[in-house]
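Order of the sequence lines fixes the chain letters, A, B, ..., with proteins taken first and strands second; residue numbering starts at 1 for each chain. Here the structure is a predicted model, which is why all the values come from computation and not from measurement.
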Number of protein chains: 2
Amino acid sequence: MYAPLLAHIARYVALTPEEATLLVSYLRTQTVARKDFLLREGQVCPASYFVLRGCLRTYFISDKGTEQIIQFSIENWWVSDYASLATHMPSQYTIQAIELVEVVVFDKHVQEEVFDHIPKLERYFRLVFQRVAAAAMFRGKFLFGMSGEARYHYFNEALPGFVQRVPQYMLASYLGFTPEFLSKIRAR
Amino acid sequence: MYAPLLAHIARYVALTPEEATLLVSYLRTQTVARKDFLLREGQVCPASYFVLRGCLRTYFISDKGTEQIIQFSIENWWVSDYASLATHMPSQYTIQAIELVEVVVFDKHVQEEVFDHIPKLERYFRLVFQRVAAAAMFRGKFLFGMSGEARYHYFNEALPGFVQRVPQYMLASYLGFTPEFLSKIRAR
DNA sequence: CGCATTTCTTAACCTAGATTAAGGAGCTGC
DNA sequence: GCAGCTCCTTAATCTAGGTTAAGAAATGCG
């Protein structure tokens with residue numbers, strides 16, 4: 001049940017069996033049905049989530065009422081609204097399951113205790129977030145450095161399985177254009 | 001010289017005087033003249049930098065040969081190319097001073113030793129990067145959720161001093177449109 | 001299995017922002 | 001102080017992608 005998370009942690013830091021057991025005692029898992037929500041706009045984000053299985057999307061509602069996806073989260077990814085988590089402000093984002101999803105829940109109210117007891121996890125999360133910082137830079141390059149059509153082709157070549165896995169209208173939203181435009185690209 | 005950095009760290013973790021002295025012994029400062037570079041495209045990024053004074057921009061060269069800014073870094077910000085730092089691959093970005101800049105240099109080759117000796121810094125950086133993750137989500141909302149003109153007005157109201165501080169053509173690049181379009185917005 | 005809903009495609013028309021060109025204002029360096 | 005460079009503005013024209021509408025295909029549920 002927690003094996004994928006422990007394996008992921010092991011890539012960065014070596015937990016002793018005692019530390020692993022202790023960590024697991026603070027965690028729980030949650031299953032989210034397709035189309036169900038991990039976080040709804042207006043809620044205070046209560047936890048960080050590690051994706052064991054499935055795919056989630058994080059989106060907000062634009063002024064025009066459309067759903068603008070800013071990230072997908074698949075297996076071995078951490079997902080949350082970190083601003084809401086830290087400040088207890090209501091979130092402006094929605095995190096929804098695109099397919100049946102299973103996550104490990106790392107509740108906010110246990111996080112400090114866990115870090116106190118297992119300081120190695122500070123390092124683990126520092127490294128995880130450092131990759132997030134790198135990915136943010138890359139996404140900037142991706143969005144600004146390529147036309148919409150170029151972004152689609154790049155993404156399709158880099159992650160063909162993923163492209164098959166999500167609805168086209170969601171992919172279009174994430175890539176920054178409309179479903180109609182994506183259809184036009186694909187028809188060329 | 002290092003007081004702003006130590007003050008920034010103190011917001012997140014309490015270092016003992018010994019830890020602070022030890023940390024400082026691993027650091028150095030660097031002054032970068034206006035228009036000079038902290039990192040050039042093609043270099044392996046050698047350090048993380050904390051901005052003591054001044055402003056830097058991180059950009060890449062687009063296919064059209066234009067400079068596309070993905071971030072500015074002002075006082076109390078950490079800046080680097082985290083992908084290059086971690087992987088030793090040549091960076092695809094350039095980090096350049098917009099005005100005279102002074103930074104604290106946290107060299108890659110001392111980082112592990114520093115974290116070993118001062119584990120509290122793992123927490124400090126975890127918290128710093130967690131804010132970076134939150135900022136990345138916000139930037140997604142900002143870029144996708146507003147028109148170019150709305151982005152300019154929002155930014156101008158949120159950070160008027162900053163808008164005065166950087167050349168218009170750089171601001172336009174960061175906000176995702178051309179200098180001519182920015183002139184048009186301002187003329188309305 | 002049928003029907004309702006969701007997803008995708010197509011195309012005509014529209015527009016936010018890009019491109020191009022030209023010139024003025026401000027700044028910098030000698 | 002002036003020449004050259006950098007920055008900014010203006011406007012005509014163009015285009016990448018948006019909007020709107022309609023309908024087909026796929027999916028899901030009872």
- prompt: Of B/R34 and B/E180, whose nearest nucleotide on DNA chain D comes first from the 5' end?
  reply: B/R34
message: If you only use heavy atoms from C-beta on, which nucleotide in C/dA18, C/dT6, C/dT10 is closest to the side chain of B/F177?
response: C/dA18
message: I want to verify a distance call: between D/dC8, C/dG17, D/dG17, whose nearest atom is closest to the B/P167 side chain?
response: D/dC8
message: It should be established whether B/K64 places a side-chain nitrogen or oxygen under 4.0 Å from OP1 or OP2 of nucleotide C/dA18.
response: no
- request: Could you tell me if the ring centre of B/F50 sits under 6.0 Å from that of B/F106?
  value: no
- prompt: Looking at D/dG17, C/dA18, C/dT6, which one has an atom nearest to any side-chain atom of B/T178?
  reply: C/dA18
- prompt: Roughly, in whole Å, what's the span from CD in A/Q168 to P in D/dA26?
  reply: 13 Å
message: Within the 3.5 Å criterion, strictly below it, is a donor on A/Q168 or A/R186 matched to an acceptor on the partner's side chain?
response: yes
query: OP1 or OP2 of D/dG18 sitting under 4.0 Å from any side-chain N/O of A/K184?
result: no
task: Take the protein atom CG of B/L171 and the nucleotide atom P of D/dC7, then report the distance between them rounded to whole Å.
output: 14 Å
B/I98 CD1 to D/dC7 C1', straight-line distance once rounded to whole Å: 14 Å
- request: Rounded off to whole Å, could you give me the CG-to-P distance for the A/L182 and D/dG18 pair?
  value: 11 Å
- request: Would you mind reading off the distance between A/M170 atom CE and C/dT7 atom P, rounded to a whole angstrom?
  value: 7 Å
message: If I take atom CG in residue A/D63 and atom P in nucleotide D/dG18, what distance separates them, rounded to the nearest angstrom?
response: 16 Å
message: Both A/V166 and B/P179 contact DNA chain C. Taking the nearest nucleotide for each, which residue is further toward the 5' end?
response: A/V166
message: Does D/dT9 have OP1 or OP2 under 4.0 Å away from a side-chain N or O of B/R186?
response: yes
Distance under 6.0 Å and angle within 45° of ring axis: A/R123 vs A/F129: no
task: Report yes or no: is the cationic atom of B/R40 (NZ for Lys, CZ for Arg) under 6.0 Å from the centre of the six-membered ring of B/Y93, at an angle within 45° of the ring normal?
output: no
task: Tell me whether the centres of the aromatic rings in A/F72 and A/F162 are closer together than 6.0 Å.
output: yes
task: Quickly work out the B/F144 CZ to C/dG17 C1' distance and round it to whole Å.
output: 16 Å
field: Whole-Å gap separating C1' (D/dA25) and OH (A/Y169)
entry: 16 Å
